[in-house]
Number of protein chains: 2
Amino acid sequence: MSFDPSTLTFNEAGLIPVIAQDADDGAVLMMAWMSAEAVSRTLDSGRVTYWSRSRQSFWVKGETSGHVQELIDLRVDCDRDCLLAVVRQIGPACHTNRRSCFYTSVIGDAEVELMTPLS
Amino acid sequence: MSFDPSTLTFNEAGLIPVIAQDADDGAVLMMAWMSAEAVSRTLDSGRVTYWSRSRQSFWVKGETSGHVQELIDLRVDCDRDCLLAVVRQIGPACHTNRRSCFYTSVIGDAEVELMTPLS
């Protein structure tokens, strides 16, 4: 079956959530959104390209920071309404300079920081 | 800092996306949604509880199938608009009886099935 991004299920804003996972150790790095065109650009370029909801523009991850994501594998879920991008991440994935955006853990009633920013 | 689910950022439907990751090997199993009350129920019970958008009701994962998710760790992302649930998954996570919902890979121009249903 050949792949056509328009067969994915997008939300009312025309976007699909994308989970980025580190190809080397399986760490979940971040979650962001893609339009159908962003999916195509990601597949064509091998550079993970999201749609920035705040800037309303394409967002080639790492274009300004250098913290690019090289696409290793793109997976579609059973409902075709979520993607998993397995990536090789250069530098930290999070804009806070932490390796992953998921650096806060809820333990008991408290929030605990698991990672500090990379120096 | 104590944890209050109402401090999370929910979408216009009052929901937040949740990534479920296997605690043992880091596999990304599925993505679903929680309301603030579903987050509280998950933390209180230790059983991952989503909000079913199709049924418009709480969805205690595995309640009918037995394929429950025991919560090991709940993490909040930097923007507080996505959660990562690290879980111990009993049986397959996917309703197709596959271990993960992300069983289809886009390779070149084709979709390739990576996993078959568990028997």
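We use all heavy atoms of the structure for the numbers below, so side chains are in, but hydrogens, waters and symmetry mates are not. A, B, ... follow the sequence lines: proteins, then strands. Residue 1 opens every chain.
Contacts of B:C94 with chain A are made by side-chain atoms alone, with heavy-atom separations under 4.5 Å and no backbone atom involved. With a 4.5 angstrom heavy-atom cutoff, A:L43 touches chain B only via side-chain atoms. Heavy atoms of A:E12 lying under 4.5 Å from chain B belong exclusively to its side chain. Heavy atoms of A:D25 lying under 4.5 Å from chain B are absent altogether.
Counting heavy-atom pairs closer than 4.5 Å to chain B, the top-ranked of the candidates A:L74, A:I107, A:D79, A:V106 is A:V106. Ranked by heavy-atom pairs shorter than 4.5 Å toward chain B, the options A:D4, A:T96, A:V28 are led by A:V28. In terms of non-hydrogen atom pairs under 4.5 Å with chain B, the most contact-rich of A:G108, A:C78, A:P17, A:A27 is A:C78. Taking A:R75, A:M30, A:Q21 one by one and counting their heavy-atom pairs under 4.5 Å with chain B, the maximum is reached by A:R75. Interface remark: of the candidates B:S100, B:G26, B:S105, B:S105 forms the most heavy-atom pairs closer than 4.5 Å to chain A.
Residue A:V87 is not grouped with residue A:V60 when hydrophobic side chains (ILVMFWY) are merged at heavy-atom distances under 4.5 angstrom, including chains of intermediate members. Put simply, A:L8 and A:W51 are part of two different groups of oily side chains (I, L, V, M, F, W, Y) that touch within less than 4.5 Å, one to the next. Linking Ile, Leu, Val, Met, Phe, Trp and Tyr residues whenever their side-chain heavy atoms come within less than 4.5 Å leaves B:F58 and B:V68 in two separate clusters. Residues A:V18 and A:W59 share a hydrophobic cluster, clusters being chains of Ile/Leu/Val/Met/Phe/Trp/Tyr side chains in contact below 4.5 Å. Under the 4.5 Å side-chain heavy-atom criterion for ILVMFWY residues, a single connected hydrophobic cluster contains both A:M34 and A:F10.
Side-chain atoms of B:L84 and A:M31, non-hydrogen and from C-beta on, never get closer than 4.5 Å to each other.
Between B:D73 and A:L114 the shortest heavy-atom distance is OD2-CD1, 4.5 Å.
Rounding to the nearest 0.5 angstrom, the gap separating the OG1 atom in A:T104 from the CG atom in B:L83 is 11.0 Å.
Screening A:I19, A:V86, A:V76 for a side chain to side chain contact (heavy atoms under 4.5 Å, CB included) with B:F102, the sole residue that qualifies is A:I19.
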